[in-house]
Each structure stands twice: as structure tokens, then as C-alpha cells.
Amino acid sequence: MRVIIKEDKQEVAEWAAQYVAYRINSFKSAVKKHFVLGLPTGSTPLGMYNELIKLNKNNAVSFSNVVTFNMDEYIGLSADHPQSYHYFMFENFFNHIDINRKNIHILDGMTTDYVKECTDYEQAIKDNGGINLFIGGVGEDGHIAFNEPFSSLTSRTRVKTLTESTIKANSRFFADDLSKVPNQALTVGVGTIMDADEVLILATGKNKARALKYGIEGAISHVWTISALQMHPHGIILCDKASASELLEDTVNYFNDIEKKRY
Ligand code: GLP
């Protein structure tokens, strides 16, 4: 696992955007037509999306050959609901880049057949040759996508009931009204994320420090689903100093030293 510690969230945003652009630009495959990107919502990736929009406008990267799969969606919110992840993605990213809309995949929170929706989603990922780079954020309780504590580390796309902690944390997007936050979501599984060729998890802010401590220094455990990244051959945690603040000094020195020696 690589852990890259940047000064602040702006540096995290810039590094992440440059990395995504680099991966897309250097993509070559004899078998796959498109570069396949897994994408998150939340406040953490917003800076990265802004930077990618700039890179796209400056012709430094094009999304014309990119297929995307979003991580999750609330059950019961339609695509035009301002708090839905559909709305978030179009508002903050897709409307501003040169992506072909046919290449965008987001789980349908209004479906009446959850099992079919989730099975079809997994199949669509397969049909596109798997995900090259899955980008994610992390919840305060260490969840990735909506894989709450005690989710199976081999889970696939499915319905997940949200914990009180997640509902509370996400209520800031619903005018701080806990009763407005849906109790359930459709989400890719930990196994779905781990199947990607590469996984990049972004974390910023002091409120993520505990999740990073358990995820990086703790044992692999379904209590902190982010810890599954320890098993991934190409996992990167890109974080700012505040979210790295509960890591041991030795841990920080180790990862900083390794990064300095990379070329
Ligand atoms: C939600 C999303 C996660 C996201 C997390 C953290 O629960 N399902 O994918 O990582 O929130 O969000 P934020 O970046 O706003 O802290």
C-alpha cells in the first residue's frame, strides 16, 4: 500500500487529478476499448473534480474514451433530487467535461428490483472489462462506498442499511435533518472495489484521522472496511496532514521516506 501525505486538501485535489489524467492518458490496451473509472461522491472528491474539469478545459485530459461507474446511490431519491448522487455527479463533474453520457453508470435508487439492478451493475462492470482505477472517499467510521462496519470484505453490489453515524454525518447535505436522510442505499461491495486494477482512497480533515489509523495500522477487519485495502496489490491512500494526524510517527516517516525515494 502507498500512503501519500500532502499538506492540505488542495494539494490532495491536485495530486489526485493529475494522477487520474496521467492514468487516462497513458492507457493502452489490446483488449479494452475504454479506460474504466470508479467514482465517489461526498465533499472529499470535490476538489479533485474541480481540478479535472480545469485539466479537461485546458485539453490536458479528455474523457471521451472513459467509462465511469459510481460507487453508490441512496434508495428512494430520483436522479433530479438535489441530494441524490446522480444529481451530485452531473452538477459537480459530468456536465462540465467531454464525457459521452452513454458511458456513465450510476445505480438507480428508484428501482423496484434491487437484486436485478445490482446484478446488472456487476455485469456491466464485467462487460466493460473491469475497473482500471477505483477512486473512493472514506467515512468517519472507515466505510468505503456505503460498506458500513461489519460489511463482508468480499461483498458485491447490493442494498445496505446505513448506520446512525453515517446518517448523522450525511445529514449536513439534508439541512441537518436526520429524518430526511434515506436509511438505505445501493452500493458496490468491498469485493467490487477490490477487484479494480488500482484503488485510490482520498481522505482529508481531522474527522477522518481515526479511520486512517485503523485502516492503515490496524488489522484487516470488517469493522473498518477501508482496511481491506491492505490486501490490494495497488492500493493508494492519498490524504492530508490533518487526516494523517493519528498515525504513529514511525508510520508517517516510513511512508514519507518511501515516497521520497520513488522515481
Ligand atoms: C458517504 C459516501 C462515501 C463517502 C463518505 C464520506 O457515506 N457513500 O462514498 O466516502 O460519505 O464523505 P465525505 O467525503 O463527504 O466526508
Side-chain angles (χ1 to χ4, degrees), residues 6 8-10 12-13 16-17 37-51 68-77 81-89 91-93 105-109 118 121 131 133-151 155 157-176 178 180-190 192-194 196 199-212 214-215 224-229 235-240 242-244:
K6 296 286 172 194
D8 54 28
K9 66 178 188 185
Q10 182 53 27
V12 166
L37 197 53
L39 292 174
T41 53
S43 45
T44 313
L46 273 175
M48 174 190 72
Y49 288 139
N50 285 335
E51 293 301 319
T68 64
F69 285 89
N70 259 82
M71 292 187 129
D72 42 17
E73 178 58 288
Y74 288 114
I75 287 182
L77 299 194
H81 188 291
Q83 267 69 47
S84 74
Y85 286 169
H86 273 80
Y87 192 92
F88 175 100
M89 288 307 299
E91 193 70 4
N92 294 300
F93 193 41
H105 301 84
I106 309 180
L107 285 153
D108 177 10
C118 295
Y121 207 66
I131 292 178
L133 172 62
F134 219 134
I135 304 169
V138 59
E140 290 176 25
D141 57 6
H143 72 250
I144 47 174
F146 267 130
N147 294 287
E148 297 284 32
F150 307 109
S151 292
S155 50
T157 305
R158 69 209 184 291
V159 174
K160 201 64 203 158
T161 301
L162 308 183
T163 62
E164 269 313 295
S165 145
T166 297
I167 290 175
K168 218 179 261 169
N170 291 358
S171 66
R172 69 191 194 280
F173 299 111
F174 294 81
D176 289 321
L178 269 65
K180 291 213 170 85
V181 185
N183 284 320
Q184 290 189 312
L186 296 176
T187 179
V188 295
V190 181
T192 320
I193 299 169
M194 292 304 137
V199 181
L200 171 64
I201 300 292
L202 313 178
T204 56
K206 183 102 185 85
N207 57 332
K208 304 295 170 71
R210 207 163 149 249
L212 288 203
Y214 283 96
W224 301 87
T225 55
I226 186 181
S227 66
L229 200 65
I236 304 178
I237 292 184
L238 173 62
C239 58
D240 65 353
S243 60

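Note that ligands are numbered from 1 as they come in the structure, with each ligand's atoms numbered from 1 the same way.
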Would you mind listing each N/O atom of ligand 1 next to any protein N/O under 3.5 Å, plus the distance?
{"residue": "ligand 1", "atom": "7 (O)", "partner": "H143", "partner atom": "NE2", "Å": "2.8"}
{"residue": "ligand 1", "atom": "7 (O)", "partner": "N170", "partner atom": "ND2", "Å": "3.4"}
{"residue": "ligand 1", "atom": "8 (N)", "partner": "D72", "partner atom": "OD2", "Å": "2.8"}
{"residue": "ligand 1", "atom": "8 (N)", "partner": "A145", "partner atom": "O", "Å": "3.2"}
{"residue": "ligand 1", "atom": "10 (O)", "partner": "V138", "partner atom": "N", "Å": "3.3"}
{"residue": "ligand 1", "atom": "14 (O)", "partner": "S43", "partner atom": "N", "Å": "3.3"}
{"residue": "ligand 1", "atom": "14 (O)", "partner": "T44", "partner atom": "N", "Å": "3.0"}
{"residue": "ligand 1", "atom": "14 (O)", "partner": "T44", "partner atom": "OG1", "Å": "2.5"}
{"residue": "ligand 1", "atom": "15 (O)", "partner": "S43", "partner atom": "N", "Å": "2.8"}
{"residue": "ligand 1", "atom": "15 (O)", "partner": "S43", "partner atom": "OG", "Å": "2.7"}
{"residue": "ligand 1", "atom": "15 (O)", "partner": "R172", "partner atom": "NH2", "Å": "2.7"}
{"residue": "ligand 1", "atom": "16 (O)", "partner": "K208", "partner atom": "NZ", "Å": "2.6"}

*Is there side-chain contact between P182 and I75, with heavy atoms separated by less than 4.5 Å?*
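With C-beta onward as the side chain, the pair stays apart.
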*Min side-chain heavy-atom separation F134-M71 under 4.5 Å*: yes
_Partners meeting salt bridge (Lys or Arg N to Asp or Glu O under 4.0 Å) with E51 (sequence neighbours left out)_ = K54
*Taking only residues two or more places apart in sequence or in another chain, which ones pass salt bridge (Lys or Arg N to Asp or Glu O under 4.0 Å) with K180?*
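If we apply the salt bridge (Lys or Arg N to Asp or Glu O under 4.0 Å) test to K180, skipping adjacent residues, the hits are D177.
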*asked:* Suppose we screen for side-chain contact (heavy atoms from CB on, under 4.5 Å). Which residues come up paired with Y121, at least two apart in sequence or across chains?
replied: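 Expected list: F69, N70, H105, L107, I125, T157, V188.
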*Compute the ring centroids of Y74 and F174, then answer whether they are less than 6.0 Å apart.*
yes
